[in-house]
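Naming: A, B, ... by sequence-line order, numbering from 1 per chain.
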Number of protein chains: 2
Amino acid sequence: MTKSRQVTIHDVATRAGVAVSSVSRVLSNHPDVSIDMKRRVEDAARELGYSPDPVAQSLRRGSSRLIGYVVRDFATPFFSDVIEGLESVLNSSGYTLLVMNGGGSQTQEIERMTMLKQRRVDGLLLSTVVDSTPKLRKIVSAYDKPVVLIDRDLDNLDIGRTLFDHVTGIKAATNDLVNLGHTSMVLVTGSPDVRPTRERVKGFLEGLMTSPEAMKKSFEITGAFSAAFARKETTAVMTGNPAKRPTAILSGGVQATIGVLESFSELGIRPGRDVALVVVDDLPWLRILRPRISAVSRDAEAMGRAAATMILDQIGGVKPSTIYLPTSYEARDTSSSLEDVMAYRTKMQRK
Amino acid sequence: MTKSRQVTIHDVATRAGVAVSSVSRVLSNHPDVSIDMKRRVEDAARELGYSPDPVAQSLRRGSSRLIGYVVRDFATPFFSDVIEGLESVLNSSGYTLLVMNGGGSQTQEIERMTMLKQRRVDGLLLSTVVDSTPKLRKIVSAYDKPVVLIDRDLDNLDIGRTLFDHVTGIKAATNDLVNLGHTSMVLVTGSPDVRPTRERVKGFLEGLMTSPEAMKKSFEITGAFSAAFARKETTAVMTGNPAKRPTAILSGGVQATIGVLESFSELGIRPGRDVALVVVDDLPWLRILRPRISAVSRDAEAMGRAAATMILDQIGGVKPSTIYLPTSYEARDTSSSLEDVMAYRTKMQRK
DNA sequence: TACAACAGTGCTCGGTGCACC
DNA sequence: CGGTGCACCGAGCACTGTTGT
């Protein structure tokens, strides 16, 4: 702990022998400054080690060079990657990212948003627990600073949106499974309160369209962002009526993936042999598993960069827009054919 | 986007028909206020939806009800749990946590710390990439607000510290392995630039003490916080001279654990059969693996709560202190005996 | 006269930017 | 054109003045 009051613009003015307002102009690159004046002020500032007080600047200007990001749960690998992307762009533009954890509660998220507004952030990024609620819509439309949604949706509002084209990836995966002969498939995923879940379900259904039988026998299970939920549901489905037991599972989101794999471990089910498996959102640590699990992936960091660029543009006066980033399916070892799965199952039954 | 200038203390004063200074006194619980006055002001404030401007308050008071946390990498599960603990305590005390990512660079971390200071945070929490460097020591000792280190060390400074007793946990694990007959063990872990790594190495060495032979044949590999590093080192060790091949591995930290498991996957090594394994820091998704991996664990959330409580105390004037939280070892399926490992290895050799 | 309970003034925090010279 | 003075952002706080009891 030390004392020594920080040096203010007054000190610089005194040192340089000029008016406070002149110092301000020099430092904010105002055109009307003589070269001599500029030099004197800059010298004085450097000698005193002056740097403007951001709090005072915020108060006066109403802005802060701060960008807020309210996120559902930043421990999720996807979001940490987004944050990396955001920071890489924001930092190099002199902005600082303020990440606020939503704690899984819409109420808390709204508190955070209000808090950020009071602190005069220059822009707000959002990946909330729930989108499309009247409450959220109200807050967002009343926000007097640029807003950009990250993989979330809210119709008919003049705000920015950076979205993933979830449909394409999961549709490709579903099509592949259909081509491999599967008709009884289950998509286990998170909460339908957010766009990714809804789009994944949509993509899954579109993928089923090529096969009327698959359409009839396959279905999705949506619910909560929790491994426990996915585990329970998977176990229920895999231990139910053997005749109706799915031959392929798709898991959407980290928690769902963990839950599905937990269930498999407990039941002694090996993905790719007892059942085909595609995870939606690849995870770094999945590499430790053999066989290699098929996955749909997306570039979270790119999304972060896109969102950051977009909000900076909006701060600069550009009109809000919507952009889409791709998702892609990569078949690995667990995209096994219906034939192989059935062969294994009957072999087991005979034992 | 909307307009409507925010309501200030003046508006409240006008509405209540009192002086601005009186409003200020009511809101800051000054003693000289009549019950009637208090009521009128509070009513007016509520009716107008007034809430004091935090930026203006910060400027005037020099404080902000903000606590900064500069963390090496908050995507690490350990840190996200710490953050949860921090927020639970801080939020209920009216403080807001500002998490800043260090990006793995000391330079950037120091920038963040300076930034937070300028923003007038009331306290600073630190889990940096490197501790004990003169540079960091200088900044910290010049910080005029309370500082609390989270699982980091910096000697002879009058600051708070919340530390894990890493030694006990890993020592117990090492002892167990020694008792299971192992003498050739390797600890693969992260960077020795931070306390946890140093303490783990220390605990490992203490655990080896009971066996002179183990002391001679076992060693540690420290380096970077990256899965790639751990993978490479593990592969080198496991494919080297068969006579010297370790019979037990301990991995310290998430990235090291991922790296070790990746290496095992690639080499077709199964933990608990080809080699004993203990991971230091349990991970939620490890549950999906069979056999169950033995682990040393610690309560990250409790650490967060402890650190938050400590910094609030310091803000309240309490002297900085140091507290320790325990770590514990739990033997699961991969704490296999030397005998079993050797039996499997010779069996393989004969094939 | 003494005191409680305000009102009102004015300076402070650190800067910004417009009007004016 | 170059530069200065000053009001202002929103609040905190100390101090004087006023009123009623």
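- For the pair A/Gln118 CD and D/dC9 P, the computed distance is 18 Å after rounding to whole Å.
- Ion pairing between B/Asp131 and B/Arg198 holds under the 4.0 Å rule for side-chain N and carboxylate O.
- The CD atom of A/Gln6 sits 8 Å away from the C1' atom of C/dG14 (whole-angstrom rounding).
- To the nearest angstrom, C1' of D/dA11 lies 13 Å from CZ of B/Arg120.
- Among the heavy atoms of the strands, none lies under 4.0 Å from B/Val20.
- If you check D/dA14 for Watson-Crick or wobble pairing at under 3.5 angstrom, you find it paired to C/dT9.
- Taking atom CZ on A/Arg61 and atom P on C/dC13, their separation rounds to 20 Å, with Å as the unit.
- B/His10 has its NE2 atom 9 Å from the C1' atom of D/dA11, to the nearest Å.
- Residue contacts shown for A/Ser51 are limited to sugar-phosphate atoms, with no base heavy atom under 4.0 Å away.
- Salt bridge annotation for A/Asp43-A/Arg46: present, with a cationic side-chain nitrogen under 4.0 angstrom from a carboxylate oxygen.
- Using a 4.0 Å cut-off between charged side-chain N and carboxylate O, B/Asp122 and B/Arg65 make no salt bridge.
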Can I get a per-line list of side-chain donor-acceptor pairs under 3.5 Å for residues 13-26 of chain B, giving both atom names and the distance, sequence neighbours left out?
| residue | atom | partner | partner atom | Å |
| --- | --- | --- | --- | --- |
| B/Thr14 | OG1 | B/His10 | O | 2.8 |
| B/Arg15 | NH1 | B/Glu47 | OE1 | 2.9 |
| B/Arg15 | NH2 | B/Glu47 | OE1 | 3.4 |

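- For DNA chain C, the neighbouring residues in residues 22-44 of chain A, judged by any heavy atom under 4.0 Å, are A/Ser24.
- Residues in residues 50-59 of chain A take part in these salt bridge (Lys or Arg N to Asp or Glu O under 4.0 Å) pairs, two or more places apart or across chains: A/Asp53-B/Arg120.
- Not counting sequence neighbours, the partners of A/Phe74 by the ring-ring contact (aromatic ring centres under 6.0 Å, His included) test are B/Phe74.
- In this structure, CD1 of B/Ile9 is placed 14 Å from P of C/dG8, rounded to the nearest angstrom.
- Only B/Pro52, B/Asp53, B/Ala56, B/Gln57, B/Leu59, B/Arg60, listed by number, bring a heavy atom of residues 52-60 of chain B to less than 4.0 angstrom from any atom of DNA chain D.
- A salt bridge links A/Arg305 to A/Glu301: one of the charged nitrogens lies within less than 4.0 Å of a carboxylate oxygen.
- Within the structure, the salt bridge (Lys or Arg N to Asp or Glu O under 4.0 Å) test picks out no pair touching residues 92-102 of chain B (sequence neighbours left out).
- For the pairing with A/Glu42, the side-chain hydrogen bond (donor to acceptor under 3.5 Å, both in side chains) check across A/Arg39, A/Lys38, A/Arg40 returns one residue only, A/Lys38.
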